[in-house]
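Before any comments, here is the structure.
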2 protein chains.
Amino acid sequence: MNKTKKQIVFEAAAKLFMEKGYLAASMRELAERVGLEQASSLYNHLKSKEDVLRKICLENADKFIKGIDEIERIKNDPITQIKALIHLHINIAAEDPTSVTVFNDEWRHLSEPYLSDFLAKRRNYENRFKAIIEKGIQTEVFKAIDPTVAFYTILTSVRWIHYWYKPERNISIEKLESDIFDLLVKGLQKE
Amino acid sequence: MNKTKKQIVFEAAAKLFMEKGYLAASMRELAERVGLEQASSLYNHLKSKEDVLRKICLENADKFIKGIDEIERIKNDPITQIKALIHLHINIAAEDPTSVTVFNDEWRHLSEPYLSDFLAKRRNYENRFKAIIEKGIQTEVFKAIDPTVAFYTILTSVRWIHYWYKPERNISIEKLESDIFDLLVKGLQKE
DNA sequence: GTCTATACGATGATAGAC
DNA sequence: GTCTATCATCGTATAGAC
């Protein structure tokens, strides 16, 4: 299955945004990377630089929303739900690390009203993630630590997996998943 | 104790870098914020935009290096050392959240040779942090999970505390510290 | 120490020829 | 679909008057 030039351009843009950051990435360099001599030629394949960023941010936000929709629907107890959330973050990051990096690090360069839309989606996801932890604490499945601290510590450690996890490290994603689960849920210390 | 204009300019720059990102922060806006009409007037107080970034990155890198120096010197067992590392990250972040945010998020805009210097320092710190975890695993104080996974999961969760921890949340830094320690070392799950 | 004036390059994007 | 030509704007930074 051949990629369209549009797909090639969008993927190269995501990679460039990841490597240099959105602002430092120039349309002229993007053109070079896809074999075009002129930046102006890019505009047959995309509407604007920000439009590319918008699509990346939106796509990934939707992946997380869909993921937590299903977790809330299918799973019941907080432990299983946390396990599924870790699974969700790792799988999204492993599937398309470039795109998820841009989503995580460059969303703040969205202009309004896209920025507000994005933040609303993110808040929605985070509130639901946090509610799962709160339920676990209330039902005494989890320790009585501050729910905000627990929530952000867990979210932060799974949110930036793409920063360091490279398949070259010879850790399978199954091992990654179960080690992170063991660490966060059962603790680093041996009994 | 009065602040010199230089201090005022440097602090405003750090805040601007944090709020907009280094590249999006302009010298013209910085001038406005410190009550100067012209960006050119700033150059009496700083050498260049990047020079400000360099100082921020270097200062914070040194704080972490000094911190781990002392931890290696004074503490013995891995559990106490991990506790002290969590303490270190939280204290540095609480002391000057603006500066540590810029240090964490904007270092990649350093130019050579400063970038290489910075990365060397960071690698040094991370290797020593990781060695503490590895020692814990070898001496069977810690679980036999992959040391790289354990290291990055813990580092990531303490490295981005400044993203969400605000004193307004009414969590004291002592409580923050002990909750994060409980979560990471003893696990979220209740016995 | 702050100002005016200015140099100089890079940026995203558009119009129109081919 | 790619090119040439071009635009308006903004970026950091310097020289020199006051």
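Quick note on labels: first sequence line is chain A, next is B, and so on, each numbered from 1.
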With sequence neighbours excluded, what pairs up with B:Asp69 under the salt bridge (charged side-chain N to carboxylate O under 4.0 Å, His left out) test?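 Testing B:Asp69 for salt bridge (charged side-chain N to carboxylate O under 4.0 Å, His left out), a comparison that skips the adjacent residues, returns B:Arg128.
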Return the set of residues passing salt bridge (charged side-chain N to carboxylate O under 4.0 Å, His left out) with B:Lys75 (not counting sequence neighbours), or none when no residue passes.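 Residues passing salt bridge (charged side-chain N to carboxylate O under 4.0 Å, His left out) with B:Lys75: none at all.
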With sequence neighbours excluded, residues passing side chain to side chain donor-acceptor pair (under 3.5 Å) with A:Tyr163: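 Side chain to side chain donor-acceptor pair (under 3.5 Å) list for A:Tyr163, sorted by chain: A:Asp105.
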Can you name the residues that form a side-chain contact (heavy atoms from CB on, under 4.5 Å) with [X], not counting sequence neighbours?
{"X": "B:Glu32", "answer": "none"}
{"X": "B:Pro97", "answer": "none"}
{"X": "B:Lys6", "answer": "B:Thr4, B:Phe10"}

Filter on ring-ring contact (aromatic ring centres under 6.0 Å, His included), then keep only pairs touching residues 68-95 of chain B, sequence neighbours left out; what's left?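 Non-adjacent pairs meeting ring-ring contact (aromatic ring centres under 6.0 Å, His included): B:Phe64-B:His89, B:His89-B:Tyr125.
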Can you give me every donor-acceptor pair (side chain of residues 179-187 of chain B, partner residue at least two apart or in another chain, under 3.5 Å) with its distance?
| unit_1 | atom_1 | unit_2 | atom_2 | d |
| --- | --- | --- | --- | --- |
| B:Asp179 | OD1 | B:Lys175 | NZ | 3.4 |
| B:Asp179 | OD2 | A:Asp146 | N | 2.9 |
| B:Asp179 | OD2 | B:Lys175 | NZ | 3.1 |

Listed in order of residue number, which residues of residues 45-52 of chain A have a non-hydrogen atom at under 4.0 Å from DNA chain C?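 A:Ser48, A:Lys49 - these, ordered by number, are the residues of the stretch whose heavy atoms sit under 4.0 Å from the strand.
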Give the residues of residues 102-114 of chain B touching DNA chain C, defined as any heavy atom closer than 4.0 Å, sorted by residue number.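 Nucleic-acid contacts, sorted: none.
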Near A:Lys49 NZ, under 6.0 Å, is it more than 12 heavy atoms from other residues, nucleotides or ligands?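 Yes, the 6.0 Å shell around NZ holds more than 12 heavy atoms from other groups.
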From D:dC3, D:dT14, C:dC3, nucleotide with atom closest to B:Tyr43 side chain: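 Selected nucleotide: D:dT14.
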When you get a sec, tell me which of C:dG12, D:dA13, C:dT4 is the closest nucleotide to the side chain of B:Ser40?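 Per side-chain heavy atoms of B:Ser40, the pick is C:dT4.
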Establish, with yes or no, whether the OP1 or OP2 oxygen of D:dC3 is under 4.0 angstrom from a side-chain nitrogen or oxygen of A:Ser41.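 For D:dC3, OP1/OP2 do have a side-chain N/O of A:Ser41 under 4.0 Å.
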Please identify which of these residues, A:Tyr114, A:Tyr22, A:Phe118, meets the ring pair (Phe, Tyr, Trp, His ring centres under 6.0 Å) condition with A:Trp107.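 Going through the options one by one, the only one that passes is A:Phe118.
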Any residue meeting ring-ring contact (aromatic ring centres under 6.0 Å, His included) with A:Tyr152, in chain and number order, not counting sequence neighbours: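 A:Tyr152 satisfies ring-ring contact (aromatic ring centres under 6.0 Å, His included) with B:Trp164 once adjacent residues are dropped.
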Residue-level proximity of residues 3-34 of chain A to DNA chain D when a heavy atom falls under 4.0 Å: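 Those residues are A:Lys5.
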Please report, rounded to the nearest Å, how far the C1' atom of C:dT14 is from the CG atom of A:Leu42.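 It works out to 14 Å between those atoms.
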Whole angstrom value for the distance that separates P of C:dG12 from CD of A:Gln38: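 Interatomic distance, CD of A:Gln38 to P of C:dG12: 14 Å.
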